[in-house]
Amino acid sequence: MADQPTKYLLAEKDIPTTWYNIQADLPQPLPAVLHPGTQQPIGPADLAPLFPMGLIEQEVSTKRDIDIPGEVIDIYRLWRPSPLYRAHRLEKALGTPARIYYNYEGSSPSGSHKSNTSVPQAYYNKVEGVKRITTETGAGQWGSALAMACQFFGIDCKVFMVKVSYEQKPYRKAMMEMFGAQVSASPSNETECGRAILAKDPKCNGSLGIAISEAVELAVQDPNTKYALGSVLNHVLMHQTIVGIETMQKFKLAGDWPDIIVACTGGGSNFAGIAFPFIGSKLRGESKEARVIAVEPAACPSLTKGKLTYDFGDTGHLTPLVKMHTLGSTFIPPGIHAGGLRYHGMGPLVSHLVHLGEVEPVAVPQLEIFQAAVQFARAEGIIPAPEPSHALAIAIREALKCKEEGKSRAILFNLCGHGHFDMQAYTDYFAGKLRDYEYPAEEVAMALAGLPNVAA
Ligand SMILES: *Cc1c(COP(=O)(O)O)cnc(C)c1O
């Protein structure tokens with residue numbers, strides 16, 4: 001073991017200078033995004049009230065390599081390149097012949113991969129003179145990352161935080177305020193959409209779908225305000241590909257290549273980040289085939305139990321219609337602790353790749369992921385967030401399969417954030433308060449019954 005490194009590190013000069021746009025290599029193009037009124041494909045002008053043109057162009061681009069602006073790279077230097085670890089101690093604890101690797105994004109200032117996209121998003125808004133950005137946040141990782149990026153570029157930041165997380169994770173709110181953001185629990189009484197939901201259900205726990213509606217509502221009302229989303233959209237997933245591009249370089253240093261790539265999926269951004277560059281290289285016939293696995297919670301199973309169809313991105317139906325795996329935009333998930341994985345939909349690119357058979361989806365129950373997180377922390381010393389612990393649980397399942405079969409496969413998972421703000425979840429787990437919860441088929445059917453009627 002001692003003759004094999006534990007960390008594979010690149011130098012600052014190796015930070016990639018382009019993001020990878022998988023739209024250039026898709027065997028079938030993405031289905032169009034539709035206007036909710038006319039059900040016709042939307043154009044850039046339809047998105048202009050929400051996003052700066054620089055990001056809208058990236059959203060629809062089919063160019064393979066997109067230049068990363070120098071000002072963005074200079075900020076990336078604060079935490080990039082990120083380390084790739086070989087999990088020698090976890091392998092030993094499992095007694096597996098598998099070679100387990102994890103890419104660690106928890107060393108970014110906000111503690112997750114989200115800063116990889118918050119910085120370019122704030123940058124393109126700054127270039128176009130935007131004064132304020134509104135957003136939603138679930139577990140608070142995205143809100144923290146955007147608050148930091150807005151602070152760097154002198155933009156005001158307004159965050160609607162899903163109420164159940166606002167109450168579970170007060171330190172995330174404090175962190176956003178540290179970076180100068182204004183934070184409200186959602187549903188709030190600051191928007192029409194929030195007030196309508198509170199009138200029906202004053203105790204509503206909130207959801208990402210509701211918080212998105214609140215943030216979008218404020219953005220469309222003010223020409224100096226735009227909206228930012230931390231996942232799901234094509235440009236967001238593309239910004240994260242810096243992770244996979246670096247990871248490929250780190251695997252070259254290791255003289256190895258993954259047989260299995262695993263990441264958790266909330267809206268699909270950390271998954272896309274690590275997996276898309278590998279999938280693209282396979283689609284172009286440049287590297288060997290790897291199994292790519294997307295892991296979601298059994299309590300919010302959009303890929304494994306949802307439907308691939310046109311749906312709204314938000315509960316208030318202010319967004320365009322996108323074709324994605326969805327549980328229905330009225331879906332309010334149970335208050336599971338992986339707050340970053342509670343979105344009703346899934347990134348259209350990830351949905352499309354599942355549909356094309358390039359990605360295998362799997363759902364895992366909550367207790368297995370906490371068990372995996374504890375085992376990992378005790379072996380490797382890093383406390384993972386509950387979200388990437390979904391990927392970890394599957395990496396462990398695959399490593400144990402290697403043990404059974406006496407095979408040594410290289411398993412890569414994306415450790416996309418640390419769990420330092422999730423200690424209440426771990427406290428609840430140790431107190432035996434957490435339960436497995438599988439979203440009942442009847443409720444999935446009910447939420448899906450409310451899907452919009454789209455002819456396409
Ligand atoms: C936001 C977040 C997620 C879920 O979002 P994706 O876009 O699917 O990556 C998962 N893990 C962490 C640590 C997050 O911050």
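Not measured: the values here are computed from a predicted model. Every number for a ligand or one of its atoms is a count from 1 in the order of the listing.
Remark: distances from the non-hydrogen atoms of G268 to ligand 1 include one below 4.0 Å. The shortest separation from a heavy atom of H113 to ligand 1 is under 4.0 Å, placing the residue in contact.
In this structure, the ring of H235 has its center less than 6.0 angstrom from the ring center of F51.
Each of the atoms 10 (C) of ligand 1 lies under 4.0 Å from some heavy atom of C264. Residue T265 has at least one heavy-atom neighbour below 4.0 Å for each of these atoms of ligand 1: 8 (O). With ligand atoms numbered from 1 in the order given, ligand 1 contributes 13 (C), 15 (O) to contacts under 4.0 Å with heavy atoms of S112. Every atom of ligand 1 is numbered from 1 in the order shown, and the set under 4.0 Å from a heavy atom of S269 is 6 (P), 7 (O), 8 (O), 9 (O).
Note on E105 versus R80: salt bridge recorded, some NZ/NE/NH1/NH2 to OD/OE distance being below 4.0 Å. Using a 4.0 Å cut-off between charged side-chain N and carboxylate O, R291 and E360 make a salt bridge. Ion pairing between a basic and an acidic side chain is recognised when a charged N comes within 4.0 Å of a carboxylate O; R409 and E398 show no such pairing. Ion pairing of K158 with E214 is absent here, as no side-chain N (NZ or NE/NH1/NH2) approaches a carboxylate O to less than 4.0 Å.
Looking at H239, K63, Q23 one by one, the single match for side chain to side chain donor-acceptor pair (under 3.5 Å) with Q58 turns out to be H239.
Looking from atom 7 (O) of ligand 1 to the surrounding protein, the closest heavy atom is S231 OG, 2.5 Å. If you check which protein heavy atom lies closest to atom 8 (O) of ligand 1, you get G266 N, 2.6 Å. Nearest to atom 4 (C) of ligand 1 among the protein's heavy atoms is G340 O, 3.2 Å. Looking only at heavy atoms of the protein, atom 10 (C) of ligand 1 is closest to E387 CB, 3.4 Å. Nearest protein heavy-atom contact of atom 2 (C) of ligand 1 is K114 NZ, 2.3 Å.
The backbone N or O of E387 sits less than 3.5 Å from a side-chain atom of H390, completing a donor-acceptor pair. Checked by atom type and distance alone, the side chain of E128 pairs as donor or acceptor with a backbone atom of G54 at under 3.5 Å.
Considering backbone and side-chain atoms together, Q141 places an N or O closer than 3.5 Å to an N or O of ligand 1. Of the N or O atoms in G267, one or more lie within a sub-3.5 Å distance of an N or O in ligand 1.
Within the 4.5 Å cutoff, side-chain heavy atoms of Y20 are placed close to those of D25.
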